[in-house]
Amino acid sequence: MSQILTSRQAEELHRAIIAYLTATNLTSSATALRAELNLGEDVFDPATAKKYEGLLEKKWTSVVRLQKKIMELESRNSVLQSELDSATPTSRQNKDPVSWLPKSPARHTLQSHRNPITCVAFHPIFSSLASGSEDQTIKIWDWELGELERTIKGHTKAVLDVDYGGPRGNTLLASCSSDLTIKLWDPADDYKNIRTLPGHDHSVSAVRFIPSGVAGGSGNLLVSASRDKTLRIWDVSTGYCVKTLRGHAEWVRDVCPSIDGRFILSTSDDYTGRLWDVSIPNPEPKVTLIGHEHVVLCCTIAPATAYVHLATMAGIKKPPVTSSVEFMATGSRDKTIRLWDARGTCIKTLVGHDNWVRGLVFHPGGKYLLSVADDYTLRCWDLTQEGRCVKTIGDAHGHFVQCIRWAPSVIKDVAVANGDGQNGQTNGTPKKSGNVGGEAQIRCVIATGSVDLNVRIFAN
């Protein structure tokens, strides 16, 4: 047998073994080994043996620890290699906003809520972020500095959703709650509660400003979704409910308006999603999305930048340009995300999450869909690769991740809306189609909220 150890190493090992045998009262074995190695008391006396006590155990445990560490590093290395293999050259550099994806660790972890966080929303112009919680409060943060600016109290039960928007130059914050109300707050007046909208008969689970384009294009409309199975459209300037949408058979969980304000996408406990044309006097579901096998918790409408990739996935050669809603995404308690076309056909089911899918946002650049779930992760799906999951932030939060929003894009230093990924034009004041000034500047900033009481900011 070839010698692996040097003579010096072998000598050290022999002495450590003798010291171990002596320390564990295996004296006859120690004596036999001494005799075989010619290590008498004169060469290896008790004082010298004392120095070697515990050495063998230390070496042994450190080897096991190092083996475990090596296995962890190899596993991490393989995940990083997989990400690298599926990345484009620009996204490797991470300099191109169109290819930017969030990475761990988060830039800021915002802590102050006393109960799980249910929702987050970016101010369309300033570096303010609103978060709502089961602790009945809304907190306003400076997401650039990672600091708490104020706490807003007014709701008497859990705050379930928040959104910034409203008429141009008059940004408001809307919130909705399990207390059955929607409240409007004025950021320009120290977030004073300027209006409360009662009307729903059960918890109000989602609220979004409808971009101007419908009903005179005032930007004054707001849509809400409720456990009373209805959606309501409100005029924020008067506080009146102008339309009630009935069609879902169960709790309506989420709502997302199109960038032109003509369509509204909703999801429900009845396992469906519904697309409504709200430009007509009596809106009815234009399309019903059937396919999920459990409660559908979240939805989003694809931005035009994603059409080319989603059209390829749908087997369409030329991407459509006819409507503001050509493709949609929904996330469900069945742990899947489904991508749909405007006809209500499921073009792809994205499988990967190990628990309920809670939030979805399209990358404003159109190449990716981002999702968060109760499996504590944030996942990035590449629409140029048939919806393959190319990135997973496994430690996004320490508990269920309940919400995700993308910071609104900016045009000529003026933000155009609050972002659900549609070039920052999902709600609030939309970018006019004839707007001079070219493309929106994508802001590489994402906010997530969790049951772990933390809001996290992922930024470039």
Side-chain angles (χ1 to χ4, degrees), residues 118-121 130 132 136 138 152 154-167 171-185 193-212 214-215 218-258 261-270 272-279 282-285 295-301 359 402-403 405 417-418 420 426-428:
T118 55
C119 51
V120 288
Q136 306 176 16
I138 300 161
I152 304 170
H155 285 292
T156 54
K157 286 190 178 176
V159 179
L160 299 181
D161 202 10
V162 286
D163 192 43
Y164 282 102
T171 300
L172 299 174
L173 174 68
S175 61
C176 63
S177 165
S178 299
D179 66 11
L180 318 191
T181 69
I182 297 158
K183 287 184 181 285
L184 297 172
W185 316 83
N193 180 204
I194 57 168
R195 191 161 264 124
T196 297
L197 312 177
H200 278 295
D201 300 325
H202 214 315
S203 298
V204 190
S205 37
V207 67
R208 287 288 184 275
F209 282 95
I210 299 175
S212 51
V214 171
S218 62
N220 283 331
L221 297 180
L222 183 78
V223 61
S224 58
S226 169
R227 195 172 177 177
D228 66 12
K229 307 176 189 176
T230 70
L231 293 132
R232 287 177 181 250
I233 295 174
W234 311 79
D235 185 326
V236 298
S237 58
T238 63
Y240 293 139
C241 173
V242 293
K243 283 176 186 172
T244 301
L245 313 186
R246 292 183 172 90
H248 281 293
E250 295 291 342
W251 186 342
V252 188
R253 290 281 181 170
D254 198 15
V255 64
C256 177
S258 62
R262 184 181 171 188
F263 299 100
I264 283 170
L265 176 62
S266 61
T267 61
S268 166
D269 279 23
D270 64 12
T272 71
R274 288 170 198 248
L275 185 67
W276 311 75
D277 183 345
V278 293
S279 65
N282 297 305
E284 289 183 356
V295 170
V296 192
L297 292 172
C298 54
C299 60
T300 187
I301 295 169
Q402 306 222 82
C403 51
R405 294 291 277 269
N418 194 18
D420 269 346
T426 306
N427 15 40

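Side-chain atoms are counted along with the backbone in the values below, which use heavy atoms only and exclude waters and symmetry mates.
Using modelled atom types, one side-chain atom of Arg195 and one backbone atom of Ser237 make a donor-acceptor pair closer than 3.5 Å. Between the Ser205 side chain and the Val252 main chain, a donor and an acceptor come within less than 3.5 Å of each other. Proximity of a side-chain donor or acceptor of Thr118 to a complementary backbone N or O of Gly132 within less than 3.5 Å is detected. A donor-acceptor pair is defined here as one N or O able to donate and one able to accept, closer than 3.5 Å; such a pair exists between the side chain of Arg405 and the backbone of Val120. Under a 3.5 Å cut-off, the side chain of Asp228 and the backbone N or O of His200 do not form any donor-acceptor pair. Within the 3.5 Å criterion, the main-chain N or O of Leu184 finds a donor-acceptor partner in the side chain of Asn193. A donor-acceptor pair under 3.5 Å links the side-chain atoms of Arg274 to the main chain of Gly247, judged by distance alone. In this structure, Asp270 contributes its side chain and His248 its backbone to no donor-acceptor pair below 3.5 Å.
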Should Ser268 and Arg253 be marked as a side chain to side chain contact (heavy atoms under 4.5 Å, CB included) after you check the CA-CA gap, both sets of side-chain angles, and the distance that decides it? CA-CA 5 Å; Ser268 166; Arg253 290 281 181 170; 5.8 Å; no

Could you go step by step and tell me if Leu222 and Ile182 meet the side chain to side chain contact (heavy atoms under 4.5 Å, CB included) rule? CA-CA 10 Å; Leu222 183 78; Ile182 297 158; 3.8 Å; yes

Apply side chain to side chain contact (heavy atoms under 4.5 Å, CB included) to the pair Val242 and Leu221, showing each step before the final yes or no. CA-CA 9 Å; Val242 293; Leu221 297 180; 4.3 Å; yes

Worked verdict on Val296 versus Asp269 for side chain to side chain contact (heavy atoms under 4.5 Å, CB included): CA-CA 6 Å; Val296 192; Asp269 279 23; over 6 Å; no

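Residues His202 and Ser226 have side chains in contact (heavy-atom distance under 4.5 Å, counting atoms from C-beta outward). Side-chain contact between Trp276 and Leu265 is absent, with no heavy-atom pair separated by less than 4.5 Å. For the pair Ile233/Thr244, no side-chain contact is recorded, criterion being any heavy-atom separation below 4.5 Å from C-beta on. No side-chain heavy atom of Ser266 sits under 4.5 Å from any side-chain heavy atom of Cys299.
Remark: Ser175 pairs with Ile138, His155, Val159, Val162, Lys183, Trp185 by the side-chain contact (heavy atoms from CB on, under 4.5 Å) rule, at least two apart or across chains. Every residue two or more places apart in sequence or in another chain that forms a side-chain contact (heavy atoms from CB on, under 4.5 Å) with Ser203 is listed here: Leu160, Ser178, Arg227.
Applying the side chain to side chain contact (heavy atoms under 4.5 Å, CB included) test between Val204 and each of Ser224, Ser177, Pro198 identifies Ser224 as the sole match. Considering Ile264, Asn220, Val236 in turn, Ile264 is the only one that fulfils the side chain to side chain contact (heavy atoms under 4.5 Å, CB included) rule with Ile210.
Of all heavy-atom pairs between Leu297 and Asp254, the closest is O-CB, 3.5 Å. Of all non-hydrogen atoms in Arg208 and Asp163, the two that sit nearest each other are CA-OD2, 3.4 Å. Closest of all the heavy-atom pairs between Phe209 and Gly166 is CD2-N, 3.3 Å.
Open room surrounds CD on Glu284; 12 or fewer heavy atoms of other groups in view lie less than 6.0 Å from it.
For the atom pair OG1 of Thr196 and CG of Leu180, the computed distance is 12.5 Å after rounding to the nearest 0.5 Å. The structure places CZ of Arg246 at 11.5 Å from NZ of Lys229, a figure rounded to the nearest 0.5 Å.
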